[in-house]
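Counting starts at 1 for both ligands and their atoms, following the listed order. FYI, side chains are in, hydrogens and waters are out, and symmetry mates aren't considered; it's all heavy atoms of this structure.
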Amino acid sequence: MSHSKRKQLVFTVKDLCRVCYTCVRECPVKAIKIINGQAEVINERCIGCGNCFMVCSQGAKCFLKTIKDAKAIIAENEKVIAIVAPSYPAEFTEFPDHRQFVGMIRALGFSHVCEVGFGADMVAREYRKLHDITLTGGSISSDCPAIVFFIEHYQPNLIDKLAPIASPMVAMTRIVRKKYGNDSKVIFIGPCIAKKAESDEVDEVLTFTELRELFKERKLIPEKITPSDFDPPHACKGSIFPVSRGMLQTIELSEDILTEDVIVASGKNNFREVIKEFENDLDSNHHLELLCCEGCIMGPGTTSGGKRYSRRSIVSNHVRKKLENFDFEQWERDIEEFSNLDLTQKHNVLDRRIDVPDEAEINKVLVDLNKLTPQDHLNCTACGYDTCREHAIAIVQGLAEVEMCLPFTIEKLHQSVMDLNESNKKLASTQQALRQSEKLASMGQLSAGIAHELNNPLGVITVYSNILKDEAPEDDPIRKDLELIVEQAERCKKIVGGLLNFARKSQVCLVETNMVDFVKQSLTSIIKPENVELIFEYNTKKPFAYIDVDQMMQALTNLEKNAVEAMPQGGKLTVSLTDNLYNVIISISDTGIGIPKENLEHIFTPFFTTKDMGKGTGLGLPLIYGVVKMHRGKIDVKSNTDPAEGPCGTTFTITIPNDLGQ
Ligand code: ADP
Ligand code: MG
């Protein structure tokens, strides 16, 4: 086929493409690449069959329009010949008399209007010759340009099987040039997109839909057009070619030969299947009449939505009527006139096959797609490829993307939803912690104020009790009491200092401490009523942790005090100490009244107390919270107030890391 540089025939309208992959599925040669979620036609791979254009429900595929170029040719040249494909009656049904249609074309400025059907008549004779010669060894007809492109690009091994015969369009171009002069410009008008790239011998190609646009643009009114017939030479049976079972049936061959030897197939799956079979049995006598799309009367250059069988019968009826008054003798003379015309056509290999990537690369992509076992290969075709493996190959070749795999994308979406839920949860708990720290900050301000006020009187108490102690004789029993006052006043100063530090979010003074001894000591410093049983249990591998002893003691004794206060009728206070590789865990459990659910979220709020006036301050738990946080730890609470749900009581658990941190 003679074409210099192939024009891009089909384009994607990016804004309209909804990425449904229907075009990928319909493309017989996988010439559609999905890049960043957008379909793109790869010109070198495209064979112009127009299937993608036909199936796109969104109108996101358009084909090369050459109206402008055709108009320029008409304007600049005197002799411009329109050669019209024989399927025209199926498209232009509004002209029951074909002479009106011819008149319309002439009105556009064409000097001659001829029938490609006569080219088909001539070509059919060439096929008969070929058939007679090649009784052994099959052939593939070359009248569908998309099929010729397919063989040239993807089945170069079959190039010699392509009939070396020009298509009816090219044959007719040569015929009209011979008849009307080599200086004539020739414009083909037909139903096919691929024709636009078929041959340099034709000056321009318009589709039927483009011809309609031209009629509209020129505002031609059919009633005002002078009807006229096609210019000679007139077509005979070649007019039936678009609805016949192929070129060979256009000529007279016995039905036997036809059914045995001629295989007719159209549509993107059928033609490939037939070629595959043919390839496996090259010695057969079969002659393949193949079309890439659903046939010339339904071609991509025709108005969409037409009914195949009514279009068929329109063409057949038209030809039947035409042949009723046909001048066969003139036709014989015409055929004779061009019998020496060269109607051969050379076909060239233009290999566009892409190497299949190696197994390792394919497998890597399959793993990325989560296709690890044969069961994972659903082959659902949602991506536009027949199998998961074909999709993986296309990904390696840069033609497809992983996101095209629907099960994979759904799973990813699922995972994203789960991740989002998880981070929502985290956000909620961070918000909770933030609220808590806001409360603590306000408590910190208050306690800083109180601590500041207490600091001076405490200083006075310390100084004067020390003076009194020093003045008291060695053996005076009051000296012991004064020592206790000094000691407790010192302790108060430390606590006040601690409060001040806490308010300033000061650092803790961490000292490696034996936690068993530490917890034991905390228990000795609380006042335990008779009816409360105290249990200390520990099970640690390494009972050491770095803690601020004073602050942690304050926290622990506060928890123990709360526990005792929750058991006015008596009960059991269990303190247990355990550890793991990273933490020591202290839990303080009581069998008391428990904390009602509605109070649980308030207990760390400063000044929240359920105790009587003068008994509770509501500062214990906020302070404990602050101390634990400063130790990079956490505090949890579990409580039950309903005997129906189990024993009542509360457990506070403090977890603090056993190392020094960063
Ligand atoms: P206070 O002890 O001064 O009331 P806290 O901050 O120590 O302040 O405790 C706040 C509130 O939490 C208490 O008033 C009580 O209602 C509840 N609470 C704390 N610990 C316990 C416990 N072990 N059992 C039942 N309720 C408790
Ligand atoms: Mg308390």
Those atoms of ligand 1 less than 4.0 Å from some heavy atom in [X]:
X      : result
Thr610 : 13 (C), 14 (O), 15 (C), 16 (O)
Ala566 : 22 (C), 24 (N), 25 (C)
Ile595 : 25 (C), 26 (N), 27 (C)
Thr609 : 1 (P), 4 (O), 14 (O)

Using heavy-atom distances, let me know which of Tyr625, Phe608, Phe604, Phe652 sits nearest atom 10 (C) of ligand 1. Phe608
Tell me whether Glu565 has any N or O atom under 3.5 angstrom from an N or O of ligand 1. no
Geometry only, no angles: is Leu621 polar-contacting ligand 1 at N/O separations under 3.5 Å? yes
So, Asn531 versus Gln569: side-chain donor-acceptor pair below 3.5 Å or not? no
Would Thr650 and Ser639 count as having a side-chain donor-acceptor pair, cut-off 3.5 Å?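 A donor-acceptor contact under 3.5 Å links the two side chains.
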Applying side-chain contact (heavy atoms from CB on, under 4.5 Å) to Asp642 and not counting sequence neighbours gives Asn640, Ala644, Glu645
For a quick test of reading the model, state the closest non-hydrogen atom pair linking Cys509 to Asp548 and the distance between them. N-OD2, 2.8 Å
Here's a test for you: under side-chain contact (heavy atoms from CB on, under 4.5 Å), which of Ile588, Leu523, Val575, Val627 qualifies with Leu556?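 So the option named by the test is Ile588.
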Can you tell which of Asp636, Ile603, Ile624 makes a side-chain contact (heavy atoms from CB on, under 4.5 Å) with Phe652?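 Output: one option passes, namely Ile603.
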On the 0 to 90° scale, with breaks at 30° and 60°, tag the Phe149-His153 ring pair as parallel, tilted or perpendicular.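 Phe149 vs His153 ring planes: parallel.
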Is the Phe63 ring parallel, tilted or perpendicular to the Phe53 ring (thresholds 30°, 60°)? perpendicular
Cation over ring face, Lys30 and Tyr385, 6.0 Å, 45°: yes
Is Gly594 in contact with ligand 1, taking contact as a heavy-atom separation below 4.0 Å? yes
Just to check, does Pro622 reach to within less than 4.0 Å of ligand 1 when the distance is taken from its heavy atoms?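 It does, in that a heavy atom of Pro622 comes within the 4.0 Å cut-off of ligand 1.
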Check whether any side-chain heavy atom of Phe271 sits under 4.5 Å from a side-chain heavy atom of Pro28, and report yes or no.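 Counting from C-beta outward, Phe271 and Pro28 do come under 4.5 Å.
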Minimum-distance protein heavy atom relative to [atom]:
atom                    : answer
atom 7 (O) of ligand 1  : Asn562 ND2, 2.8 Å
atom 2 (O) of ligand 1  : Lys611 NZ, 2.6 Å
atom 17 (C) of ligand 1 : Ile603 CG2, 4.1 Å
atom 8 (O) of ligand 1  : Gly618 CA, 3.2 Å

At a threshold of 2.8 Å, where the distance has to be below it, does the Mg ion (ligand 2) have an N, O or S atom of Asn558 nearby?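 Short answer: no, not a single N, O or S atom is under the cut-off.
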Backbone, side chain, both or neither: what part of Asp590 comes under 4.0 angstrom of ligand 1, heavy atoms only?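 Answer for Asp590: side chain.
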